[in-house]
2 protein chains.
Amino acid sequence: MPTQTFFNLSEEKQKRLIAGAMKEFSSKSLNDASISNIVKNSKISRGSFYQYFEDKKDLYFYLIGKFRYNYRQLMFKSFKEESGDFYEGYKHFGEKYIKYIMESEKFGFFENMYMHMNYQINQEARVDVNHTSQQKLPEGKRIIDVIDRSQLKMETEKEVIDILRYILSMLNDTIMEGFWKELSVNETQKLFVKRLNWITYGVKNNKEEEEESR
Amino acid sequence: MPTQTFFNLSEEKQKRLIAGAMKEFSSKSLNDASISNIVKNSKISRGSFYQYFEDKKDLYFYLIGKFRYNYRQLMFKSFKEESGDFYEGYKHFGEKYIKYIMESEKFGFFENMYMHMNYQINQEARVDVNHTSQQKLPEGKRIIDVIDRSQLKMETEKEVIDILRYILSMLNDTIMEGFWKELSVNETQKLFVKRLNWITYGVKNNKEEEEESR
DNA sequence: CTTGATTTATGACAAGTTGTCACATATAAT
DNA sequence: ATTATATGTGACAACTTGTCATAAATCAAG
């Protein structure tokens, strides 16, 4: 987290620093980026930097938090439009989300983020479907409340949250794969939907309906 | 890949270098590890290092390849013992694999590897179920040949390979999560099996059999 | 407005990193 | 014995990072 000092800064100076950092992180990974370049870009002295941020990571995770898609809203919208249907809701959400990330003006930043994504970055980039870190949300405002749970095998709320989280991890993994393999938006969306299909309906066939092996 | 020069070295010297590198990588991530420390550990001059390896990454991926579990064999064994059953075979395999990684004498190395795993490391650490990089394997020697495909919805061989690959990614992701959350071997195995279950049988319930919402 | 307290800004610096290169020393081949 | 060829070496330039003494700006209050 940036220090209070950073937030006390004039808007102009904050923006200058963020722009300078985004420039660096748009062409370099967290590890390859250098504070030296960022302070040069931003015309800020090295000493000042360390008064705002603990280190490079601190700044990086602040930027991820700042620019990541606010997808709480999108998830809500998606599931409501699809009447709470698990598969259709997530399909709707995932496709929109992938499109946002891969067509963003911050493409370079996201590309580098996903190309070097590890567990920690994944956690920072991802929404918490249960919002454990924040205060308890009122009934009906949680994502879980807008999903038709009767469709799912899961009995307890905890289990439902587990599966929701897993799909979000899978979504991030799929986007990562999309960047690595230089897939198009459409190809990445298809890959996500294919996997969502597997998880929703299973990969094993129902024994009774098919028995014609040739 | 190490240079020929490295392989020409006396076994003693190779081992010394590998040991020195493993020492460093057992307590540090790829990024935090330093060549300076490795050459100091190994009593090898800095100049020599660069005659054996292109850079730190080159050495690291060589070590991953060298010490990763040879799980081709384990996969074969697992699926054969479970009569080619998709779920039971993967369960068998995954549980053994997790146990191997998390109880290995190279725990520190694997821990750091998984704690900082990204797409590239994942690819290096993982077996290729199709062995595209190697020469074509004879019929019956490929992993896909020992799986009962009639159980699966997938029609084409390519689709089957896709799902096999996805499970392997999921397995690595689960181990990564296990390290981050400091789960026990048993907890990590359970997490894997739960997810395997989801993917095998789906998370949506069969509409006909349950309709008692209270 | 002046004085003193608090906050913010600065860049030189030590201590570390990487990759290279001219040169030294083995080892092999004729 | 004399060339080739292969291997070994550490000083070096060019970068990092985080700190710290010091300077400047801002605020508070008599």
Side-chain angles (χ1 to χ4, degrees), chain A residues 1-64 112 116 118 120-121, chain B residues 1-64 112-113 115-116 118 120-121:
Chain A
M1 259 291 138
T3 60
Q4 191 49 247
T5 308
F6 174 74
F7 293 112
N8 292 344
L9 254 39
S10 74
E11 203 174 322
E12 190 276 322
K13 199 164 189 179
Q14 284 185 38
K15 280 192 175 160
R16 192 146 45 85
L17 182 40
I18 289 169
M22 286 303 281
K23 187 181 169 193
E24 179 74 354
F25 287 126
S26 291
S27 62
K28 303 224 184 74
S29 71
L30 171 57
N31 282 305
D32 293 341
S34 88
I35 294 173
S36 300
N37 280 335
I38 293 170
V39 299
K40 229 177 284 169
N41 287 346
S42 317
K43 285 167 182 51
I44 279 174
S45 78
R46 185 170 194 78
S48 286
F49 179 91
Y50 285 96
Q51 240 160 343
Y52 310 146
F53 300 97
E54 211 174 298
D55 54 19
K56 207 169 48 173
K57 257 191 176 176
D58 192 24
L59 166 59
Y60 192 68
F61 290 135
Y62 168 67
L63 293 175
I64 287 181
N112 273 294
H116 301 86
N118 57 28
Q120 195 183 357
I121 294 175
Chain B
M1 260 291 139
T3 61
Q4 190 49 246
T5 308
F6 174 74
F7 293 113
N8 292 344
L9 254 38
S10 73
E11 204 174 319
E12 190 276 325
K13 198 164 190 178
Q14 282 186 40
K15 280 193 175 161
R16 193 146 44 87
L17 181 40
I18 289 169
M22 286 304 280
K23 187 181 171 193
E24 179 73 355
F25 287 127
S26 291
S27 63
K28 302 223 186 75
S29 71
L30 171 57
N31 282 305
D32 292 341
S34 88
I35 293 172
S36 299
N37 280 334
I38 292 170
V39 300
K40 230 177 283 168
N41 288 345
S42 318
K43 285 165 182 53
I44 279 174
S45 78
R46 184 170 193 80
S48 287
F49 179 90
Y50 283 97
Q51 240 159 340
Y52 310 145
F53 300 97
E54 211 174 298
D55 55 18
K56 206 169 48 171
K57 258 191 176 176
D58 192 24
L59 165 58
Y60 192 67
F61 290 136
Y62 168 67
L63 293 175
I64 288 181
N112 273 294
M113 182 180 105
M115 293 281 279
H116 300 86
N118 57 27
Q120 195 183 358
I121 294 176

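Given the structure is predicted, the values throughout are model-derived calculations rather than measurements. Naming convention: chains lettered A, B, ... in sequence-line order (proteins, then strands); numbering from 1 in each chain.
Base engagement by A:Ser36 is indicated by at least one non-hydrogen atom pair under 4.0 Å involving a base atom. A:Tyr52 comes within 4.0 angstrom of the backbone, heavy atoms only, and of no base.
Comparing D:dT16, C:dT8, C:dT17 by their closest approach to the side chain of A:Thr5 singles out C:dT8. Out of C:dA12, D:dA11, C:dT10, the shortest distance to the side chain of A:Gln51 is found at C:dT10. Distances from the side chain of A:Lys13 to the nucleotides D:dT9, C:dA9, C:dT20 place C:dA9 closest.
At whole-Å resolution of the value, CG in B:Leu9 and P in C:dA26 are 15 Å apart. The nearest whole Å value for the distance from the CD atom in A:Gln4 to the C1' atom in C:dT6 is 15 Å. The separation between B:Phe49 atom CZ and D:dT7 atom C1' is 16 Å, rounded to whole Å.
Close to C:dT10, at under 4.0 Å from its OP1 or OP2, lies no side-chain N or O of A:Tyr50. In this model, the phosphate group of C:dT18 is approached by a side-chain N or O of B:Arg46 to a distance below 4.0 Å at OP1 or OP2. Considering only side-chain N and O atoms, A:Ser48 lies nowhere under 4.0 angstrom from the phosphate OP1 or OP2 of C:dT8.
The aromatic ring centres of A:Phe6 and A:Tyr62 sit less than 6.0 Å apart.
No more than 12 heavy atoms of other residues, nucleotides or ligands lie within 6.0 Å of CD in B:Glu54, so this atom counts as exposed by the packing criterion.
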Worked check of side chain to side chain contact (heavy atoms under 4.5 Å, CB included) between B:Leu30 and B:Phe25: CA-CA 7 Å; B:Leu30 171 57; B:Phe25 287 127; 4.2 Å; yes

